[in-house]
Amino acid sequence: MNSNPSPSNSSRFEGCTLTGALSVTTEVRDAVCVIHGPAGCTHHNFSLLHATHLSNDRLEVPRLLSTRLTENGIIFGGEDALEETIAQALSLSPASVFVLSTCIVETIGDDVAAVCAKDRGVPVIPVPTAGFLGGVFETGVRNALSSVASLAGPADAKTLSANLVGEKNLEYGVDENATEIERLLSRLGIAINLRFVRGLETRDIGRLGSAAVNILREPALRPVGEDLERRLGTPYVDSFPAGLTGTCRFLEEVGRICGIDATAAVEEERAHQAEMLGQFDDIAGSRVHFQSPHPMLRGDPGAEAICTECAEALDLSVDPDGAAIPFPYPAPVGTAGLGRMLHRWRVLIREKQRG
């Protein structure tokens with residue numbers, strides 16, 4: 001079931017496959033990531049990740065090493081350089097090593113998987129991340145999640161818990177979204193097992209198969225959900241909740257998978273939503289019109305559905321002369337996300353009225 005009416009493909013803005021993968025693998029705190037390619041690929045991504053961490057008050061430095069391929073390695077092959085850099089990574093005593101390929105390495109045909117397969121006493125996991133061969137940012141995320149999951153095996157027993165799979169680690173508000181999912185699941189008596197992958201250690205990944213349900217960040221991650229269901233026997237919900245009714249459907253779907261009657265939880269959440277909407281009675285009856293924040297999002301039915309639903313709930317009238325309200329992207333998560341969105345609406349409506 002798709003409880004989130006947001007678009008199924010968040011890679012519409014393309015983006016580097018390597019960056020997508022690193023947004024996942026660098027969240028394994030005791031791992032080292034080896035980037036097999038030119039030094040520039042590592043420098044660019046280190047700068048991006050470090051800046052993102054600092055903007056979210058996270059002081060850790062991404063543990064990245066580069067094979068620093070030059071023209072000689074590109075012409076004659078870079079597998080020797082990869083061997084040397086993996087040895088350098090192991091000298092840092094990591095619990096795991098992830099080896100990420102780059103466009104040029106896949107083009108020249110280095111056998112990264114074969115180099116990683118050697119027994120070194122520490123798992124060395126290849127992650128295919130060559131954008132030249134058709135990948136985008138979302139491809140890197142999916143490939144990295146599947147590669148990290150190779151460190152887990154089936155659990156002896158399932159617990160009444162959920163994994164959050166594929167959170168957008170470069171997204172502002174990622175932790176607030178996880179808190180909202182945790183709040184919603186608590187209505188069903190379900191705990192969070194793992195945030196896969198955010199702030200984990202290698203040993204934590206072994207618990208991946210013990211959850212009763214996987215909750216995917218968005219429908220674009222369905223291949224990952226299917227892969228985890230096949231490997232670990234864990235069913236999945238294909239998106240975080242979005243919208244008033246979508247949030248209630250989310251509770252119903254998780255309850256169904258886990259064998260829990262969600263009726264009471266849904267009633268409680270509807271009452272909570274009514275209370276949240278009541279905080280915005282001061283803008284009831286205002287005039288608004290919706291617009292895309294980016295040309296490529298114009299006509300997004302998921303964003304339109306969320307905005308229309310909230311406008312109807314607050315008795316807002318849609319009028320071309322009303323306050324300009326941008327469609328949300330990505331979709332606000334759960335009731336708390338809607339509350340933050342409506343707060344922004346209030347600011348825009350008040351600015352228009354002061355006009």
Heavy-atom side-chain contact between [X] and [Y] under 4.5 Å:
X	Y	answer
V99	I125	no
T129	E106	no
V24	F196	no
L348	P326	yes
R270	L244	no
T17	F137	no

Item to check | Sequence-distant partners of R68, side chain to side chain donor-acceptor pair (under 3.5 Å), two or more places apart | outcome: none
Checklist entry - Which residues satisfy the side chain to side chain donor-acceptor pair (under 3.5 Å) test with E201, sequence neighbours excluded? => result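 Here the qualifying residues are R203.
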Next on the checklist: In terms of relative ring orientation, are F327 and F290 parallel, tilted or perpendicular, with 30° and 60° separating the classes?
Outcome noted: parallel
Checklist entry - Is a side-chain N or O of D119 found less than 3.5 angstrom from the main chain of G121, in a donor-acceptor match? => result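 Yes.
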Item to check | Separation of L194 CG from N214 CG (nearest 0.5 Å) | outcome: 9.5 Å
Next on the checklist: Nearest 0.5 angstrom please: T102 OG1 to I108 CD1, how far?
Outcome noted: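 CD1 of I108 is found 8.0 Å from OG1 of T102.
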Item to check | CA sep, side-chain torsions, deciding dist, call: K168, S23, side chain to side chain donor-acceptor pair (under 3.5 Å) | outcome: CA-CA 8 Å; K168 296 175 182 290; S23 75; over 6 Å; no
